[in-house]
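Below: one structure, written as structure tokens.
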Amino acid sequence: MTTAAAMRVLIVEDEVDLGAVFQDYVVSRGHEADVVGSAEAALQRISRQRPHAIVLDVKLPGMSGLEFMSLPAVKRAGIPVIVISGHATEQQARECLRLGALEFLAKPVPLEILGTVLEHVELLAASTDAPPRERRLSRRVPADLPVRLVSETGTVATGRAVEVSATGLRARLDTSLKTGTTVRVSITMPGAGVELEVIGLVVRTDPGGAAVWFLDLAPTEAERLLALAQ
């Protein structure tokens, strides 16, 4: 672990067993973890003491996670938020990006990926710099894989994935795509040429390509992609 000091992590999760799993994992990394079952309770907690990070479920009893992130008091606090969801819809993904979520993890949440995100928050907590608003991806692996992206309007972009991670990829493409576009990503895997398909969201573009955030890549598929890319 790269941190020099313990952090305070607020876990907002109404599934008691899952909240306990997250709490145990955060504590095992040497941090303090406080678990609450609603956004209303989370708001009371941060009004008393600002945590270094929040692990926030989207679907909660009462106020939703997205409603919580939209509150002026939460926005002013500038706390890095790791959003989790049992069903990562396009609308949720777009809204979380707009509200500045640091990460969006689909359930079941792989603890190793949560750990990667926490490592980034640890660096933020040790720095005096303000946290970046751009979503940070998990550990990236250099790659050279054929990739094809098809937008919801039918625009097709082909090229090569030059970096992949468990939560996204960066690709050089022959066609430009707009930030915020939902795409179906087809990645040709080495060997038998089998295609891995996943729904993604274009989160950043440049003249030569785009960065894409995966919305529904299963943990087992993510592990296979990382292993084959190396």
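What you are looking at is a predicted structure, and each value in this text was computed from that prediction instead of being measured.
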- side-chain contact (heavy atoms from CB on, under 4.5 Å) involving Ala171 - partner list, sequence neighbours excluded: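 Testing Ala171 for side-chain contact (heavy atoms from CB on, under 4.5 Å), a comparison that skips the adjacent residues, returns Val147, Leu169, Leu173.
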- Query: Looking just at side-chain N and O atoms, do Glu122 and His52 make a donor-acceptor pair shorter than 3.5 Å?
  - Reply: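 Their side chains do not contain a donor-acceptor pair, so the 3.5 Å distance test is not met.
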With the side chain counted from C-beta on, respond yes when [X] and [Y] share a heavy-atom pair under 4.5 Å apart, and no when they do not.
X: Leu10; Y: Val55; value: no
X: Phe104; Y: Val58; value: yes
X: Leu102; Y: Val81; value: no
X: Glu13; Y: Ile84; value: yes
X: Met189; Y: Glu195; value: no
X: Thr175; Y: Thr155; value: yes
X: Leu60; Y: Ser38; value: no
X: Gln49; Y: Arg8; value: yes

Using only atom types and a distance under 3.5 Å, with no angle test, would you say the side chain of [X] pairs donor to acceptor with the backbone of [Y]?
X: Glu40; Y: Met63; value: yes
X: Gln44; Y: Ala41; value: no
X: Arg148; Y: Ile187; value: no
X: Glu152; Y: Thr182; value: yes
X: Thr181; Y: Leu177; value: no
X: Asp174; Y: Gly159; value: no

Got a second to check how far [X]'s [atom1] is from [Y]'s [atom2], nearest 0.5 Å?
X: Ser165; Y: Ile113; atom1: OG; atom2: CD1; result: 8.0 Å
X: Ser70; Y: Lys75; atom1: OG; atom2: NZ; result: 5.5 Å
X: Glu103; Y: Leu56; atom1: CD; atom2: CG; result: 13.5 Å
X: Lys59; Y: Ser64; atom1: NZ; atom2: OG; result: 11.0 Å

- Query: Does the pair Glu32 and Val9 meet the rule for a side chain to side chain contact (heavy atoms under 4.5 Å, CB included), with working shown?
  - Reply: CA-CA 6 Å; Glu32 300 174 15; Val9 180; over 6 Å; no
If you group Ile, Leu, Val, Met, Phe, Trp and Tyr by side-chain heavy-atom gaps below 4.5 Å, do [X] and [Y] land in one group?
X: Leu99; Y: Leu71; result: yes
X: Val162; Y: Val202; result: no
X: Val150; Y: Val198; result: no

- Task: Carefully, step by step, assess Val212 and Leu201 under the rule side chain to side chain contact (heavy atoms under 4.5 Å, CB included).
- Result: CA-CA 5 Å; Val212 177; Leu201 187 72; 5.8 Å; no
- Query: Under a 4.0 Å N-O cut-off, is there an ion pair linking Asp34 with Arg45?
  - Reply: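 The answer is yes: the pair qualifies as a salt bridge.
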- Message: Whether Asp206 and Arg172 form a salt bridge (side-chain N of Lys/Arg under 4.0 Å from carboxylate O of Asp/Glu) is what I want to check.
- Response: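 Yes, Arg172 and Asp206 are salt-bridged.
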Indicate every side-chain donor-acceptor pair of residues 15-26 with a distance under 3.5 Å to a residue at least two apart or in another chain.
residue, atom, partner, partner atom, Å
Glu15, OE2, Lys107, NZ, 3.0
Gln23, NE2, Ala33, O, 3.3
Tyr25, OH, Arg29, NH1, 3.3
Tyr25, OH, Leu111, O, 3.1

Closest non-hydrogen atom pair, [X] against [Y]:
X: Ala39; Y: Val12; result: N-CG1, 4.0 Å
X: Gly200; Y: Val185; result: N-CG2, 4.4 Å
X: Ala101; Y: Val83; result: CB-CG2, 3.8 Å

- Item | Derivation of the side chain to side chain contact (heavy atoms under 4.5 Å, CB included) call for Lys178 and Thr205 | CA-CA 7 Å; Lys178 292 182 179 180; Thr205 59; over 6 Å; no
